[in-house]
Enquirer: 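My structure is below; once you've seen it, I'll send some questions.
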Amino acid sequence: KGQEWTNSTGWVGEYNSHCEWHGVECNKEGVVISLTLGNGGLSGQISGAIGKLTSLCRVDLRDNDLKGSIQREIGNLLDLSSLIVSYNGITGTIPDGLAVLSQFEILHLHSNCLQGTVLRLTFKGQTKASFIADCGSPS
């Protein structure tokens, strides 16, 4: 939508590069490596197309109004080290593909309506890894 976004800097310009969009970080080749859009007034669903951003290292979509499920294509993001989707309305099961992501350091799923079993995750740098989930429904 866009009207509810707390910061849409760069997103509305017709000729802006995606690397100039608020919350999008690119490497020097112009490839997206980070999405930091927490508390941004976003609504809708996380698209399976996120799996095409294969150089993505960090995804922070916390505290928005996202619904639907965490798409299984998230398992295509082999460089992903941080996935933070807490405080949304995400439902469904936690995708099995998360278990193969060996770069994980941070995984925050709490305050959603997720169910199922989290497969054993191997966190890179295990002494400083962070995994947060809950078993309840958001109030």
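Just so it is clear, the structure is predicted and the values come from calculations on it, not from any experiment.
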Enquirer: Are the side chain of D63 and the backbone of N39 linked by a donor-acceptor contact shorter than 3.5 Å?
Expert: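 It does not hold such a pair.
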Enquirer: For R62, does its backbone N or O pair with a side-chain atom of S86 as donor and acceptor, under 3.5 Å?
Expert: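 It does not hold such a pair.
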Enquirer: What is the distance from atom CG of L37 to atom CG of L66, rounded to the nearest 0.5 Å?
Expert: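 Taking CG in L37 and CG in L66, the distance rounds to 9.5 Å.
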Enquirer: Of all heavy-atom pairs between S111 and Y87, which one has the smallest distance, and what is that distance?
Expert: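 The pair with the smallest heavy-atom distance is OG-CE2, 3.2 Å.
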Enquirer: Taking the side chain from H18 and the backbone from G30, do they hold a donor-acceptor pair closer than 3.5 Å?
Expert: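 Yes; judged by distance alone, with no hydrogens or angles, the pair exists.
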Enquirer: Working to the nearest 0.5 Å, report the span between NZ of K67 and OG1 of T91.
Expert: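 Separation between the atoms: 9.0 Å.
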Enquirer: Can you name the closest pair of heavy atoms from N88 and V85 and give their distance?
Expert: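 What the structure gives for the nearest pair is ND2-O, 3.0 Å.
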Enquirer: Strictly distance-based, threshold 3.5 Å: is any side-chain N or O of N112 a donor or acceptor partner for the main-chain N or O of I90?
Expert: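 It does hold such a pair.
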Enquirer: Can you measure from CG (L78) to SG (C57) and round to the nearest 0.5 angstrom?
Expert: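 So the gap between those two atoms works out to 11.0 Å.
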Enquirer: Would you call V24 and C26 a side-chain contact if the rule is heavy atoms closer than 4.5 Å?
Expert: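 Heavy-atom side-chain distance check passes, below 4.5 Å.
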Enquirer: A side-chain contact here means heavy atoms from C-beta on lying under 4.5 Å apart; do L98 and L83 qualify?
Expert: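 Side chain of L98 against side chain of L83, heavy atoms only: contact under 4.5 Å found.
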Enquirer: Under 3.5 Å, which donor-acceptor pairs do the side chains of residues 45-55 form with other protein atoms, sequence neighbours left out?
Expert:
unit_1, atom_1, unit_2, atom_2, d
S47, OG, A49, N, 3.0

Enquirer: Does any non-hydrogen side-chain atom of T93 lie less than 4.5 Å from one of L114?
Expert: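 A side-chain contact is absent here, since even the closest heavy-atom pair is not under 4.5 Å.
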Enquirer: If you look at every heavy atom in L101 and G75, which pair is closest and at what distance?
Expert: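 Smallest interatomic distance, heavy atoms only, reads CD2-O, 3.6 Å.
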Enquirer: Can you check salt bridge (charged side-chain N to carboxylate O under 4.0 Å, His left out) on D60 and R58, steps first, answer last?
Expert: CA-CA 7 Å; D60 181 352; R58 291 175 303 280; over 6 Å; no
Enquirer: How many angstroms lie between OG in S82 and CD1 in I106, if you round to the nearest 0.5 Å?
Expert: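 Atom-to-atom, S82:OG and I106:CD1 are 4.0 Å apart.
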Enquirer: Side-chain contact, heavy-atom cut-off 4.5 Å: L56 with I33?
Expert: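 Side-chain contact under 4.5 Å: no.
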